[in-house]
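Sequence lines set the chain letters: A, B, ... in the order given, protein chains first and strands last, and positions in each chain run from 1.
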Amino acid sequence: MKELNNTLLSSLLNEIDPLDQAKTDAKMEIAAKIAHAMKFKNWKKKDLLKAVGKDNPSIITKWLSGTHNFTTDTLVELEHALDIELISRDKPILQATLKFQVVINQEGMKTEKMSYFNDIMTASISTQSRTVRFVI
Amino acid sequence: MDFELVKIKDLSGRKASFYTVVRDGDNKSLFETFLEENSITFKNEIFDIIRRIKTISNKTGAMDGFFKPNEGKPGDGLCALYDQPGSKLRLYCIRFGREIVILGGGGPKPKPIRALQENEKLKSENYQLREIAQKIMKSQIAKEIYFSKDYLDFEGELKFED
C-alpha cells in the first residue's frame with residue numbers, strides 16, 4: 001500500500017503544542033462519551049434536548065461535534081441526564097512526593113542488606129545524604 | 001479522472017486511518033495541496049484540523065457527530081470536518097464508518113455564503129470529491145476494493161482508472 005510522507009505535514013505535527021492537543025482530546029472525548037451514552041439509552045437528539053430542558057436542537061449538534069468548550073454547569077446537567085460521569089472529581093492523586101530525614105548510623109549500615117527497603121536505600125543514597133525523595 | 005488512494009501514516013492510529021487522494025499526473029495529494037494553500041494564511045485553523053484528526057485516529061474514531069453530513073450525494077459518505085466556531089476553513093472528507101476517512105481538499109469558507117455553490121473554490125473541491133466518492137462506491141460494489149479485517153485499511157485495487 002502506498003503511504004504519504006509529507007514534510008510540511010511532519011513539520012506541522014512537530015509544532016503542535018501538547019497542551020493544545022490535550023484540550024482538543026478532552027473536547028472530543030467528552031463529545032464521544034455523550035454520543036456513546038445516547039446510543040446506550042437509544043436516545044435521539046430530541047430526547048437529550050428534552051432531558052436537559054433546552055429548546056434549540058442545534059446545541060446538541062454542537063455538543064456532539066467535539067468543538068464545544070463545555071461549562072461545568074452544562075457538564076453536570078449532562079451527567080444527570082445521561083447517568084454518566086464527565087468530570088472526574090474523585091481522581092486519586094497518583095503522584096506524591098514524600099520528604100523525610102534518614103539517619104544512617106553505624107548500626108543501620110550493618111543491617112542494610114536485611115530488607116528490601118535497605119536495598120533501595122543503599123542503592124540511592126550515600127552516607128552524606130540526609131534527605132531522600134521518594135515518588136510513589 | 002484517474003486517481004489513487006494513499007494512506008497518511010502520520011495521521012493514522014489505532015482508532016482510525018486517514019487516507020487522501022493523488023490524482024493521475026499530480027505529484028501532490030488533495031490534502032497536501034490543502035495544507036500548502038492554507039497553512040500560512042489559516043495557520044490556527046490548520047493546527048486545529050490536525051489536532052482533531054489526531055484525536056480521531058488515536059482516541060475516539062471517526063464519530064458521526066464530528067463531521068457535517070450530507071455534503072455530497074445521498075449515501076456517498078461525503079462530509080466536512082466540523083471546525084472551531086469562527087473558523088474560516090472547510091475540509092471535505094469521505095467517511096467509511098468510524099475507522100476510515102479520506103481527506104480531500106477544501107478552502108476558505110466566507111461566512112456570508114449559505115451554499116457551497118456560491119463559492120467557486122469550495123464548489124470545485126466538493127464536486128471533485130463527489131466524483132471520487134462515486135467511483136469508490138462502484139468499486140466497493142464490484143468488490144475491487146474492500147476493508148481489512150480490522151476495518152482500519154482499504155485492501156484491493158487502490159488505483160482507480162476510467
With a cut-off of 6.0 Å (strictly less than), are more than 12 heavy atoms of other residues, nucleotides or ligands near [atom1] of [X]?
| X | atom1 | answer |
| --- | --- | --- |
| B:N70 | CG | no |
| B:K59 | NZ | no |
| A:D55 | CG | no |
| B:Y151 | OH | no |
| A:N42 | CG | no |

For the CG atom of A:L8 and the CZ atom of B:F31, what is their distance to the nearest 0.5 Å? 9.0 Å
Give the cluster check for [X] versus [Y]: same hydrophobic cluster or not, with ILVMFWY residues linked at side-chain heavy-atom distances below 4.5 Å.
| X | Y | answer |
| --- | --- | --- |
| A:V76 | A:L49 | yes |
| B:L129 | B:M137 | no |
| B:V101 | A:L13 | yes |
| A:F40 | A:I34 | no |
| B:F67 | A:I60 | no |

So for [X], is it side chain, backbone, both, or neither that comes closer than 4.5 Å to the heavy atoms of chain A?
| X | value |
| --- | --- |
| B:K43 | side chain |
| B:E4 | side chain |
| B:D64 | neither |
| B:T20 | side chain |
| B:L81 | neither |

Contact part of [X] toward chain B, heavy-atom cut-off under 4.5 Å: side chain, backbone, both or neither?
| X | result |
| --- | --- |
| A:K27 | side chain |
| A:L12 | both |
| A:K45 | neither |

Testing the basics here: between A:A31 and B:F66, what is the closest heavy-atom pair and its distance to 0.1 Å? CB-CE2, 3.9 Å
Does [X] reach the side chain of [Y], with side-chain heavy atoms less than 4.5 Å apart?
| X | Y | value |
| --- | --- | --- |
| A:T67 | B:D83 | no |
| B:D48 | A:D20 | no |
| A:L64 | B:Y82 | no |
| A:D25 | B:N58 | no |

For residues 49-56 of chain B, give me every residue with a non-hydrogen atom less than 4.5 Å from any non-hydrogen atom of chain A.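 The list, in residue order, reads B:I50, B:R51, B:R52, B:K54, B:T55, B:I56.
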Do you know which of B:E32, B:K28, B:K9, B:M63 has the most heavy-atom pairs with chain A at a distance under 4.5 angstrom? B:E32
